[in-house]
Peer 1: 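Dumping the structure here so I can ask a few things about it.
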Amino acid sequence: MVNPVGNFEKKVKSGEKGLARKSAPGQPPMMFSGIKVKYILIVLFLIALGIWGSLTLSQSKEKKVKKQFHLLSEALSREPGENIFTLDQKLKKIGSLFDETCDIHIPAQSLSGPLIRDEITGYAARARLHFAQLNIKFHDFVISFPAESEARVRLTGRLTGKTTYGEAVDEAHELECLLKKSEKKWVFSYIEVVEVLKK
């Protein structure tokens with residue numbers, strides 16, 4: 001006589017074995033594997049976010065530093081027929097772009113050493129008087145940030161215009177500058193004319 005209970009137990013046992021065979025030996029369950037992949041994706045996302053944030057912050061700092069050179073260019077430039085009010089506004093702007101003391105080295109003008117803001121403004125005013133028209137443009141920026149609140153900049157400054165005697169001027173100078181962050185804005189603390197370039 002056949003034992004139906006015994007047959008049923010055998011079927012259940014063999015069915016269990018069949019289910020067990022579906023997962024390969026040594027492999028983690030499917031659910032565990034899914035969680036692992038999820039954590040890897042989260043870590044990769046966080047790394048990508050960090051790199052993107054770092055690059056964006058660096059580009060933002062570079063833009064702010066370049067903006068200071070643009071403002072300096074506007075303040076130093078002179079158009080024919082410039083009135084006293086415009087001159088006064090430009091000189092104030094020049095003063096605001098510099099640290100309380102700025103180390104300036106211009107060998108061709110025998111100028112070397114630390115200058116306070118008022119002295120820098122005075123030199124700028126006297127230099128502009130020699131020109132009927134003056135344009136200064138900065139380009140070829142190489143910017144690095146040796147510290148959080150410091151920007152080291154190597155660039156080319158091109159000076160074009162006409163003197164008060166009607167002589168045309170076209171000069172290019174390679175400059176080395178250091179800017180420091182003061183009260184949420186970048187100010188010049190060091191400027192050196194490294195080399196006078198050919199026209």
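Hydrogens, waters and symmetry mates play no part in the numbers below; they use all other heavy atoms, side chains included.
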Peer 1: Donor-acceptor pair, Thr86 side chain versus Glu82 backbone, under 3.5 Å?
Peer 2: no
Peer 1: Check whether any side-chain heavy atom of Lys92 sits under 4.5 Å from a side-chain heavy atom of Thr121, and report yes or no.
Peer 2: no
Peer 1: Are more than 12 heavy atoms from other residues, nucleotides or ligands located less than 6.0 Å from atom NZ of Lys180?
Peer 2: no
Peer 1: Say you draw a straight line from CD1 of Ile136 to CD of Glu171; how long is it, rounded to the nearest 0.5 Å?
Peer 2: 10.0 Å
Peer 1: Nearest heavy-atom pair of Trp186 and Glu148: which atoms, and what distance?
Peer 2: CH2-O, 4.0 Å
Peer 1: Taking all atoms of both residues into account, what is the closest heavy-atom pair of Arg117 and Asp99, and its distance?
Peer 2: CG-O, 3.4 Å
Peer 1: Using the salt bridge (charged side-chain N to carboxylate O under 4.0 Å, His left out) criterion, which residues pair with Lys181? Sequence neighbours excluded.
Peer 2: none
Peer 1: Has Arg126 got its NZ or CZ under 6.0 Å from the middle of the six-membered ring of Tyr123, at an angle within 45 degrees of the ring axis?
Peer 2: yes
Peer 1: Please determine if Asp170 and Arg158 form a salt bridge, counting it only when a charged side-chain N lies under 4.0 Å from a carboxylate O.
Peer 2: yes
Peer 1: Would you mind reporting whether Leu111 and Ile104 have side-chain heavy atoms less than 4.5 Å apart?
Peer 2: yes
Peer 1: Output the distance between atom CZ (Arg78) and atom CG (Leu87), rounded to the nearest 0.5 Å.
Peer 2: 7.0 Å
Peer 1: Using the six-membered ring of Phe131, assess whether NZ or CZ of Lys162 lies under 6.0 Å from its centre and within 45 degrees of the ring axis.
Peer 2: no
Peer 1: Name the one of Gln68, Lys66, Glu74 that satisfies side chain to side chain contact (heavy atoms under 4.5 Å, CB included) with His70?
Peer 2: Glu74
Peer 1: Counting C-beta onward and ignoring hydrogens, is there a side-chain heavy-atom pair between Val194 and Leu175 closer than 4.5 Å?
Peer 2: no
Peer 1: Kindly give the heavy-atom pair with the smallest separation between Leu71 and Leu97, and that separation in Å.
Peer 2: C-CD1, 3.8 Å
Peer 1: For residues Ile94 and Phe138: do they belong to one hydrophobic cluster (side chain heavy atoms under 4.5 Å, members Ile, Leu, Val, Met, Phe, Trp, Tyr)?
Peer 2: yes
Peer 1: Apply ring pair (Phe, Tyr, Trp, His ring centres under 6.0 Å) to Phe188 and Phe69, showing your working.
Peer 2: CA-CA 9 Å; Phe188 292 91; Phe69 283 92; 4.9 Å; yes
Peer 1: Between Phe145 and Lys61, is the side chain to side chain contact (heavy atoms under 4.5 Å, CB included) condition met? List the steps.
Peer 2: CA-CA 9 Å; Phe145 298 95; Lys61 283 165 74 173; 3.5 Å; yes
Peer 1: Can you tell me if Arg128 uses its side chain to pair, donor with acceptor, with the backbone of Leu76 under 3.5 Å?
Peer 2: yes
Peer 1: Would you check, one step at a time, whether the test side chain to side chain contact (heavy atoms under 4.5 Å, CB included) holds for Leu179 with Val187?
Peer 2: CA-CA 5 Å; Leu179 288 85; Val187 291; over 6 Å; no
Peer 1: Linking I/L/V/M/F/W/Y whenever their side-chain heavy atoms sit closer than 4.5 Å, directly or via other members, would Ile143 and Ile191 fall into one cluster?
Peer 2: yes
Peer 1: Answer with yes or no whether the side chains of Ser112 and His105 bring together a donor and an acceptor at under 3.5 Å.
Peer 2: yes
Peer 1: When the ring centroid of Tyr165 is compared with that of His130, is the distance short of 6.0 Å?
Peer 2: no
Peer 1: Show your reasoning for whether side chain to side chain contact (heavy atoms under 4.5 Å, CB included) applies to Asn135 and Glu79.
Peer 2: CA-CA 8 Å; Asn135 290 298; Glu79 295 301 325; 3.5 Å; yes
Peer 1: Work out which heavy atom in Val153 is nearest to a heavy atom in Phe141; give both atom names and the distance.
Peer 2: CG1-CD2, 3.9 Å
Peer 1: Could you tell me whether the side chain of Ser189 reaches within less than 4.5 Å of the side chain of Asp103, counting heavy atoms only?
Peer 2: no
Peer 1: Working to the nearest 0.5 Å, report the span between CD of Glu119 and SG of Cys102.
Peer 2: 11.0 Å
Peer 1: Looking at Glu174 and Arg154, does any basic side-chain N land under 4.0 Å from a carboxylate oxygen?
Peer 2: yes
Peer 1: Looking at side-chain heavy atoms only, is the closest gap between Phe98 and Leu72 below 4.5 Å?
Peer 2: yes
Peer 1: Please examine the side chains of Asp140 and Leu155, heavy atoms only from C-beta on, and report whether any two atoms are closer than 4.5 Å.
Peer 2: no
Peer 1: Quick one: CG on Leu134 to OG1 on Thr160, what's the gap to the nearest 0.5 Å?
Peer 2: 7.5 Å
Peer 1: I'd like to know if the side chain of Lys90 and the backbone of Ser77 have a donor-acceptor N/O pair within less than 3.5 Å.
Peer 2: yes
Peer 1: Please name the pair of heavy atoms, one in Lys93 and one in Ala75, separated by the smallest distance, quoted to 0.1 Å.
Peer 2: CD-CB, 3.9 Å
Peer 1: Are the side chains of Leu159 and Val169 in contact, using a 4.5 Å heavy-atom criterion?
Peer 2: yes
